[in-house]
> 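Dropping the structure in here first, questions after.
Just so you know, residue 1 is the first one in the sequence shown, and it goes up from there.
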Amino acid sequence: MIYEGHGLAVSLLDDGIAQLDFSPPRGGVNLLDQPTLLALDQALTALHRVSDLAGLVLTSSADSFIAGADIKAFNSLFSQSEETICQYLAGIHQTFNALEDLAVPTVAAVNGLALGGGFELCLAADYRILSSQASVGLPEVRLGIFPGFGGVVRLSRLVGCDTALEWICQGLEQQPDAALRAGAVDAVVKPEHLLTSALDTLQRAGQGALDWHSQRQRKIAPVTLPAAEQTMVFATAEAMVAAKAGPHCPAPLEALRVMRDQALLARHPAQQLEAQAFARVARTTTAAHLIQLFMNDQLVKKKAAQYAHEEPPTRRAAILGAGIMGGGIACQSALAGIPVLMKDVAQQGLDLGLEEAALCLNRRLERGKLSPLEMGRILNRIAPTLNYGDFAQTDLVVEAVVEDKAIKQAVLKEVEQHVRPGTLLTSNTSTIPIAELAGVLERPQDFCGLHFFNPVHKMPLVEVIRGPQTSQEALARAVCYAKSLRKTPIVVSDCPGFLVNRVLFPYLGGFAALVRDGFDFREVDRVMEGFGWPMGPARLLDIVGLDTAIHAETVMACGFPERMGRDFTSALEALHNDGRLGQKNGLGFYRYEADKKGRLRHHTDEKSLALVASCSAARRETFEDREILERMMIPLCLEQVRCLEDGTVATAAEADMALVLGLGFPPFRQGPLGWIQAQGLKHFLSLCDRHAPLGPLYAATEELRRMVHDGKTFY
């Protein structure tokens, strides 16, 4: 044994080749945390002293190679000065450079994931051999930062600046074949041949059959692309990167500038430049929010795993109500390998559901994620039916009929008679309390809500709603099913609208009042999209459907009359009364027309403007964007606070993740509670008090006042 320390050990194999093996101390995954980085530095120091060393292979005893840096430590590190962050990075550069400067050839034998800092370590080796089941990547931009362990410097020299920019700015995992084509890895082999292939590479390099010196020199010298071509590459890319990243996410554009500015430098000054830029980005609010969002996501996944522990998988599911929603859920079940019955009362509904499933799968086919044969097999897992004949064989039923309490109750009561005791019944209701639906059931303990979001194939969130009589087993089985569909389940307590829609409707209430007071809905959309929402409230209502929104609004007003009731005719009602349903019939707040590629585009519609004006005050010509932002965001944030206070959702992390995943809350702002905390709770309370004359939607809770008084925070 040459060296043994935290998370790794170095031993001598045959022919003078050493193996540096990463192994997590308590199981799990390998991370480049501070103890492991220290051990790596000491291991490399020990290797530099071995006189008869012939080569080094880096391996992992875990299922993955190295999943990345220790993100839990980022918040404390990034709160320090830029100088301190640069010093931290300089130490890591020194360690990775010690690997790159060994007097013998080096190979990283990559099994499983090598992401972020883990892949940056691989880049410091002379060669990279990938298992065919591995994947690599630099996902740091998802945390509001970019590679800071030498990844910008080394990758641009290995694969060229244009490919390196694409990898770093998109932050996607790269599959083995793509990594091989790009030149980021040198070979892809079957898992059982990984170590043998790596050792063979070292032997060939030692014998002179491979020029490992030139491999290394490429990464140490400046980029070989001529200066004129470099200028063209970066000039072309800068506008594209800036447009895609937007004004709130500086990391991709900063990474581009680092790559441009360091291209003509040698390794040491290039790494210094990378570290300085990294330190600037690491201290941004965006990075703080995205890192906390990552931590929130980890907590949500951990809680879901606890709920689903030891629950048997769903072997066969059934969907009640085909249509677009039912077809989408059926498609996700079939994709997960779960055979599914899809029942409707009419063949027309079944046809619509099957068409929706086929459309979802066809999109995957066009992107090369499915073969025609696989698509056929998946569709064959969906069995359309007009009766309950095979329902006794199902483990779980999802009711997805029209959002009408009486109809849902009738359907649930009926299906309960056709399934065996213990079958989990769920409702895809978006607003109706589970307690009300459960009132007609003989076995309410086997019933809960399972709220998918539309479109099902795109939206990652599923709200699992605990009714007053829902058993823990039923809840766990629902979570397990949602996880099997590769969705993110978040358990919430029962109330009208549950969590996401309960928080959404005060936001829409703020919008209705703004329009009533003479604000142009197009300006409101502009301000909210500038804040980071994927679309403004008027466009959102058009996509949801004005009829659907009015129905849901009625349910919410009954549940929370003081805050969500309305004593005026809203623009939404005026448009709906004119037969405008939104995108579904091409007319809503906007007029919708398909472009040459078939994509719906929204346009200003004069009649819509007149209808809105008919129930609004004279149009406000002067206003500050800040006024719109505050009047829209305060109701949403306060409702999120109330949901946390009354136990509708258990933690701030789950509350914020639900809004990001289910509603499109801007991720770089973390979530409503994170946004409040970033401003300071005291400041947010002052905003509430300033707008309190507008009504109950703006009234701060007493618990929030106590938090401010006691100096408490949500995180």
> Quick one: does any side-chain atom of Glu416 pair with a main-chain N or O of Glu442 as donor and acceptor, under 3.5 Å?
yes
> Ignoring hydrogens and geometry, is there a side-chain-to-backbone donor-acceptor pair from Thr314 to Ala317 under 3.5 Å?
no
> Grab the two heavy atoms, one from Gln670 and one from Leu293, that are nearest each other, plus how far apart they are.
O-CD1, 3.2 Å
> Using a 6.0 Å cut-off, check whether atom CZ of Arg486 has over 12 heavy atoms from anything other than its own residue.
no
> Would Asp525 and Arg539 pass as an ion pair if we require N to O under 4.0 Å?
no
> Which residues pass the salt bridge (charged side-chain N to carboxylate O under 4.0 Å, His left out) test with Arg563, sequence neighbours left out?
Glu639
> Quick one: does Leu636's side chain get under 4.5 Å of Leu504's, heavy atoms only?
no
> Output, in order, the C-alpha distance, side-chain angles, deciding distance and verdict of side chain to side chain contact (heavy atoms under 4.5 Å, CB included) for Thr488 and Lys483.
CA-CA 6 Å; Thr488 300; Lys483 282 186 64 183; over 6 Å; no
> Can you list every pair that meets ring pair (Phe, Tyr, Trp, His ring centres under 6.0 Å) and has a residue in residues 380-429, with sequence neighbours left out?
Tyr388-Phe391, Tyr388-His418
> Do Ser333 and Tyr481 meet the criterion of a side-chain donor-acceptor pair at a distance under 3.5 Å?
yes
> Determine whether a donor-acceptor pair (N or O, by modelled atom type, separation under 3.5 Å) exists between the side chain of Ser616 and the backbone of Val612.
yes
> Answer yes or no: is there a donor N or O on one side and an acceptor on the other, between the side chain of Asp494 and the main chain of Ala435, under 3.5 Å?
yes
> Report yes if the distance between the aromatic ring centroids of Phe589 and Phe511 is under 6.0 Å, otherwise no.
yes
> Run the ring-centre check on Phe531 versus Trp675 and record whether the distance is less than 6.0 Å.
yes
> Carefully, step by step, assess Arg466 and Ser493 under the rule side chain to side chain donor-acceptor pair (under 3.5 Å).
CA-CA 5 Å; Arg466 180 198 296 109; Ser493 295; 3.2 Å; yes
> Could I get the full list of side chain to side chain donor-acceptor pair (under 3.5 Å) partners for Asp542, not counting sequence neighbours?
Tyr592
> Under 3.5 Å, is there a donor-acceptor pair between the side chain of Asn362 and the main chain of Ala358?
no
> Do Glu403 and Lys408 sit within salt-bridge range, that is, some charged N less than 4.0 Å from a carboxylate O?
yes
> Check whether any side-chain heavy atom of Thr423 lies under 4.5 Å from a side-chain heavy atom of Leu396, and answer yes or no.
no
> Could you report the tightest heavy-atom contact between Gly327 and Ala357, atom names first, then the distance?
O-CB, 3.9 Å
> Can you find a heavy atom in the side chain of Val415 that is under 4.5 Å from one in the side chain of Glu399?
no
> Indicate, with yes or no, if the rings of Phe521 and Tyr590 have centres closer together than 6.0 Å.
yes
> Could Arg502 and Asp646 be called an ion pair, given the rule that one side-chain N must be under 4.0 Å from one carboxylate O?
yes
> Any salt bridge linking Arg591 with Glu593? Criterion: basic side-chain nitrogen under 4.0 Å from a carboxylate oxygen.
yes
> Salt-bridge test for Asp578 and Arg580: reply yes if a basic N is under 4.0 Å from a carboxylate O, no otherwise.
yes
> Check whether any side-chain heavy atom of Val456 sits under 4.5 Å from a side-chain heavy atom of Ile324, and report yes or no.
no
> Salt bridge between Asp395 and Arg315, side-chain N to carboxylate O under 4.0 Å?
yes
> Does Arg526 pair with Asp520 as a salt bridge, N-O distance under 4.0 Å?
no
> Flag the pair Arg669 and Asp656 as a salt bridge only when some basic side-chain nitrogen lies within less than 4.0 angstrom of an acidic carboxylate oxygen.
no
> Report yes or no: does Thr554 contribute a side-chain atom to a donor-acceptor pair with the main-chain N or O of Ile550 at less than 3.5 Å?
yes
> Given the rule in the salt bridge (charged side-chain N to carboxylate O under 4.0 Å, His left out) test, do Glu553 and Arg566 qualify, once you have shown the distances and angles that lead to the verdict?
CA-CA 10 Å; Glu553 191 178 69; Arg566 188 174 297 139; 2.9 Å; yes
> Can you name the nearest heavy-atom pair linking Leu299 to Glu654, along with the distance?
CD2-CG, 4.0 Å
> Taking CD in Glu562 as the centre, count heavy atoms belonging to other residues, nucleotides or ligands within less than 6.0 Å. Is the count above 12?
no
